[in-house]
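Only heavy atoms go into these numbers, but all of them, side chains included; no hydrogens, no water, no symmetry mates. First listed ligand is number 1; within each ligand, the first listed atom is number 1.
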Amino acid sequence: MPIRQLSETMVNQIAAGEVIERPASVVKELVENALDAGASRVEVVTAGGGLALIRVSDDGAGIPVGELELAIARHCTSKLGDDIHDIRSLGFRGEALPSIGSVSRLTVRSRTASADSGAEIRVEGGRLSPVRPAGANRGTLVEVRDLFFATPARLKFMKGERAEATAAADVVKRIAIAFPAVRFTLSGTDRSTLDLPAVGEGADARLARIAQVMGKDFPENAIGIDAAREGVHLGGYVSVPSFTRANALQQYAYVNGRPVRDKLIASAIRGAFADVLPRDRHAVTALFLTLDPAHVDVNVHPAKADVRFRDPGMVRGLIVGAIRQALAEAGIRSATTGAAAMMGAFRPGPTSYGHAGPANGHRTFHAGFRASAAAGYDPMQSPSRPLQAGFGESEQAAFDAGPMTSADARAGSGDIAPELLTAQLGAARAQVHENYIVAQTADSLIIVDQHAAHERLVYEALKTALHSRPVPAQMLLIPEIVDLPEEDAERVASHAETLRRFGLSVERFGPGAIAVRETPSMLGETNAAQLIRDLADEIADSDTAETLKERLDKIAATMACHGSVRSGRQLRAEEMNALLRQMEATPGSGTCNHGRPTYIELKLADIERLFGRR
Ligand code: ADP
Ligand code: MG
């Protein structure tokens, strides 16, 4: 075939292949156009999952009659000056309307404020009808019927009306979060409908809109983010670690008001939560990055979902740093949801606890544990040590110093040293079901999940130890040989140096095998084979985008999981109190590595309410 210039319609259909993937893409482009036109009200109507009909109307600036034909012509836009680096509108490519017109039956009807009547233009599968007068309110109405009728191959890729309608609704929600001053409605014969009244401008309005879209329980379980670095500002909210989802769909992110689904941002969020969430859980977020438009390229993707930052490392650092700091400051708040009526009375622990180190308000407590906590984890001194299997009881003398109370684990009787009642986690009174420590403070009842708490403490101790000196190791009498797929063996062996810092000593043992010679003492008896396999997975998973620190943290988390005693170990009063004190002294110990709370607090007042005394 000789070379020839493609027809206008063909060119548009090719562009449509990229820009208009499914009905939701049409909704996105049309809603963005309405917002670029300064609308205060955007109404979306769909039918047949958007394949039969999408109608978007707005009360924006409108299109002058003389420009209607240009609006649906390729590469025609009113939004771009002469600088491609200074983009302040959502659209700028001049591609959406001609692309949509080439694959559907499109009508654009509009009237500007200064015109006394409206006009409309139609395109069907790329074929244009002349502009003609039409009655219209101020603003623009765009109607798209029979999407993809002109490119039936595309129709085969649609996921069914229900799924397409859901995707369209998701698009409206995503955009709506960035424009709280605009009223959005979604209606029609499709099942997903929305009505988001305008809530105004500013931080409160933004939060109100977030609640409208994401549900009231998100703000109730979220922490505010507000940080800046080198002219880049990050604001918004992230969920507390105990409020998570099974996928990342509830992670909303915006760059200069533009909704994006950006890999860098997603990976930074994952990195920030890596410490407190298991791999298969995802935080809920609404994050807003604001920066000089010249420092971010939004023109890297036809649908403008990706962006490219001039300094990606800095942006990543800002996101990870800001979220981690906010989580640390929020200390140990845990989710309020999942609460049955009675659980409503159970309070997550107070927020003040944990991040300021041993001196954070526990001034009444004696010096011994303060010193050991401040010096980092020392398994020979650590109060949590007795939880581990394989150690002699005699060494528990370590925490017999100081006015420790003698709460009897079984009877719960005995005197309580008054200063323990003022400690954050109070005085231990009993252990029940061999895993839950019941403690009391002056005005509350505390229940600690011993297993979760211990896991967290080992994790924090491993991390601390990394920065000071190697973690003490215990030699295995007979090295354990672990068989692995060759790539995994290679991966683990290549990290031998790092693992040694954690007290895990491994070496190659011929093809497809690893010999384990030492394991970290603080893990106690551990299943070395399982630990090595998990570590191999972990190392394979951490992509190159992660910093060494993040990788080390993950290795520590994997190890902590293995070391933690399962429930079922009876504790003596001293051991329980020592655990409570260790928790108080350890930042972030309010949640376990999987983001579950390690303890809950029930205020006396709430208990009295439960019993109808108040
Ligand atoms: P882009 O948004 O990239 O400029 P589009 O093809 O989406 O390209 O739209 C082309 C032009 O049509 C826009 O630049 C704008 O001038 C005009 N336009 C489209 N939709 C609207 C609307 N809802 N209100 C006012 N003008 C509109
Ligand atoms: Mg547009």
Side-chain angles (χ1 to χ4, degrees), residues 8-9 11-21 23-45 54-84 86-104 106-115 118-123 126 128 131 134 136-144 147 171-172 174-175 178-179 182-185 256-259 293 297-305:
E8 179 83 5
T9 299
V11 170
N12 284 330
Q13 287 180 344
I14 289 169
E18 288 186 313
V19 186
I20 307 302
E21 218 183 321
S25 333
V26 174
V27 171
K28 172 176 182 293
E29 294 294 338
L30 300 184
V31 171
E32 287 186 352
N33 279 347
L35 293 167
D36 281 343
S40 66
R41 182 179 52 73
V42 179
E43 287 172 8
V44 184
V45 176
I54 295 170
R55 186 189 304 128
V56 175
S57 47
D58 66 62
D59 60 354
I63 306 171
V65 192
E67 293 182 12
L68 265 182
E69 206 164 322
L70 277 182
I72 53 149
R74 195 167 162 72
H75 301 315
C76 292
T77 178
S78 57
K79 301 171 190 176
L80 203 54
D82 287 327
D83 186 359
I84 180 84
D86 190 25
I87 293 170
R88 290 168 194 275
S89 51
L90 294 168
F92 57 87
R93 296 168 64 105
E95 261 182 338
L97 292 183
S99 299
I100 296 167
S102 72
V103 296
S104 70
L106 168 72
T107 306
V108 181
R109 188 181 308 149
S110 194
R111 180 161 83 81
T112 60
S114 57
E120 73 171 36
I121 189 165
R122 285 173 188 246
V123 201
L128 211 75
V131 175
N137 294 324
R138 195 204 122 165
T140 304
L141 177 146
V142 180
E143 197 173 273
V144 178
L147 184 62
V171 160
V172 177
R174 210 161 263 280
I175 301 179
F179 293 86
V182 177
R183 175 180 192 146
F184 292 85
T185 59
N256 289 344
R258 173 191 303 282
D297 190 354
V298 293
N299 188 27
V300 290
H301 187 271
K304 298 162 288 175

S.K.: Quick one: are V42 and F179 in side-chain contact, heavy atoms under 4.5 Å?
M.R.: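 They are not in contact (no side-chain heavy atoms under 4.5 Å apart), so the answer is no.
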S.K.: To the nearest 0.5 Å, how far apart are CD1 in I72 and CZ in R122?
M.R.: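 CZ of R122 is found 12.0 Å from CD1 of I72.
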S.K.: Tell me the closest heavy-atom pair linking S99 and S102, and the distance in Å.
M.R.: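 In terms of heavy atoms, the two residues are closest at O-OG, 2.7 Å.
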S.K.: Measuring from non-hydrogen atoms of E29 to any atom of ligand 1, is the shortest distance under 4.0 Å?
M.R.: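 E29: no contact with ligand 1 (<4.0 Å).
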S.K.: Identify the heavy atoms of P64 and T112 that sit nearest to each other, and give their distance.
M.R.: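 Looks like N-CG2, 3.5 Å.
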S.K.: Nearest protein heavy atom to atom 21 (C) of ligand 1, by residue and atom, and its distance?
M.R.: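 Minimum-distance protein heavy atom for atom 21 (C) of ligand 1 reads N33 CB, 3.9 Å.
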S.K.: In the protein, what heavy atom is nearest to atom 2 (O) of ligand 1, and what distance, to one decimal place, separates them?
M.R.: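 Going by distance alone, atom 2 (O) of ligand 1 is nearest to K79 NZ, 2.6 Å.
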S.K.: Return the closest protein heavy atom for atom 25 (C) of ligand 1 as residue, atom name and distance.
M.R.: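 Result: A37 CB, 3.4 Å.
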S.K.: Hey, which atoms in ligand 1 end up nearer than 4.0 Å to a heavy atom of P98?
M.R.: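 Within the 4.0 Å cut-off of P98, ligand 1 contributes 6 (O).
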S.K.: Looking only at protein heavy atoms, which one is nearest to atom 4 (O) of ligand 1, and how far off is it?
M.R.: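 It is T77 OG1, 2.6 Å.
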S.K.: Output the list of atoms in ligand 1 that are nearer than 4.0 Å to some heavy atom of G91, sorted by atom number.
M.R.: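 So the answer, numbered in order with elements, is 2 (O), 3 (O).
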S.K.: What about G62: any of its N or O atoms under 3.5 Å from an N or O on ligand 1?
M.R.: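 No: no nitrogen or oxygen of G62 is under 3.5 Å from one in ligand 1.
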S.K.: Could you check whether any side-chain heavy atom of V26 comes within less than 4.5 Å of a side-chain heavy atom of L147, counting everything from C-beta outward?
M.R.: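 Yes, at least one pair of side-chain atoms sits under 4.5 Å.
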S.K.: Which ligand 1 atoms are under 4.0 Å away from a heavy-atom of A96?
M.R.: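 Per the distance check, 6 (O), 7 (O).
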S.K.: Please confirm whether G94 comes within less than 3.5 Å of ligand 1 when only nitrogen or oxygen atoms on both sides are compared.
M.R.: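 Right, the criterion is met.
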S.K.: Starting at CD1 of I63, measure out to CG of L97 and round the result to the nearest 0.5 Å.
M.R.: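 That separation rounds to 7.0 Å.
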S.K.: For the 3.5 Å polar cut-off, considering only N or O atoms, please tell me whether I63 and ligand 1 meet it.
M.R.: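 Among all N and O atoms of I63, none is under 3.5 Å from an N or O of ligand 1.
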S.K.: Evaluate the side-chain proximity of N137 to D59: yes if any heavy-atom separation is below 4.5 Å, no if none is.
M.R.: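 Side-chain contact under 4.5 Å: no.
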S.K.: So which protein heavy atom does atom 12 (O) of ligand 1 come closest to, and at what separation?
M.R.: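 Of every protein heavy atom, A71 CB, 3.5 Å lies nearest to atom 12 (O) of ligand 1.
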S.K.: Any nitrogen or oxygen of C76, side chain or backbone, less than 3.5 Å from one on ligand 1?
M.R.: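 No, no N or O pair falls under 3.5 Å.
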S.K.: Scan L68, L141, L30, V123 and name whichever one has a side-chain contact (heavy atoms from CB on, under 4.5 Å) with V108.
M.R.: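 When side-chain contact (heavy atoms from CB on, under 4.5 Å) is applied between V108 and each of L68, L141, L30, V123, only L68 qualifies.
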S.K.: Give the numbers and elements of all ligand 1 atoms closer than 4.0 Å to a heavy atom of R93.
M.R.: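 Reading through ligand 1 atom by atom, the close ones are 3 (O).
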S.K.: Carefully, step by step, assess E67 and V131 under the rule side-chain contact (heavy atoms from CB on, under 4.5 Å).
M.R.: CA-CA 10 Å; E67 293 182 12; V131 175; over 6 Å; no
S.K.: Got the closest protein heavy atom to atom 23 (N) of ligand 1, with its distance?
M.R.: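 Closest protein heavy atom to atom 23 (N) of ligand 1: D58 OD2, 2.9 Å.
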S.K.: Using side-chain heavy atoms (C-beta onward) and a distance below 4.5 Å, is L90 in contact with R258?
M.R.: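 Counting from C-beta outward, L90 and R258 do come under 4.5 Å.
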S.K.: Any side-chain heavy atom of Q13 sitting closer than 4.5 Å to one from V103?
M.R.: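 Yes, side chains in contact.
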S.K.: Look at the N, O or S atoms of N33, main chain and side chain alike, and state whether any lies under 2.8 Å from the Mg ion (ligand 2).
M.R.: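 Yes, N33 qualifies, because one of its backbone or side-chain N, O or S atoms lies under 2.8 Å.
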S.K.: Starting from atom 15 (C) of ligand 1, which protein heavy atom do you reach first, and at what distance in Å?
M.R.: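 Here the closest protein heavy atom is S78 OG, 3.5 Å.
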S.K.: Do E29 and V171 touch side chain to side chain, with heavy atoms closer than 4.5 Å?
M.R.: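 Of all side-chain heavy-atom pairs linking V171 with E29, none is under 4.5 Å.
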S.K.: For ligand 1, is S110 a contact, meaning one of its heavy atoms is under 4.0 Å away?
M.R.: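 No, that is not the case, since the closest heavy atom of the residue is not under 4.0 Å from the ligand.
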S.K.: Starting from atom 22 (C) of ligand 1, find the nearest protein heavy-atom neighbour and note its residue, name and distance.
M.R.: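 For atom 22 (C) of ligand 1, the nearest protein heavy atom comes out as T140 OG1, 3.7 Å.
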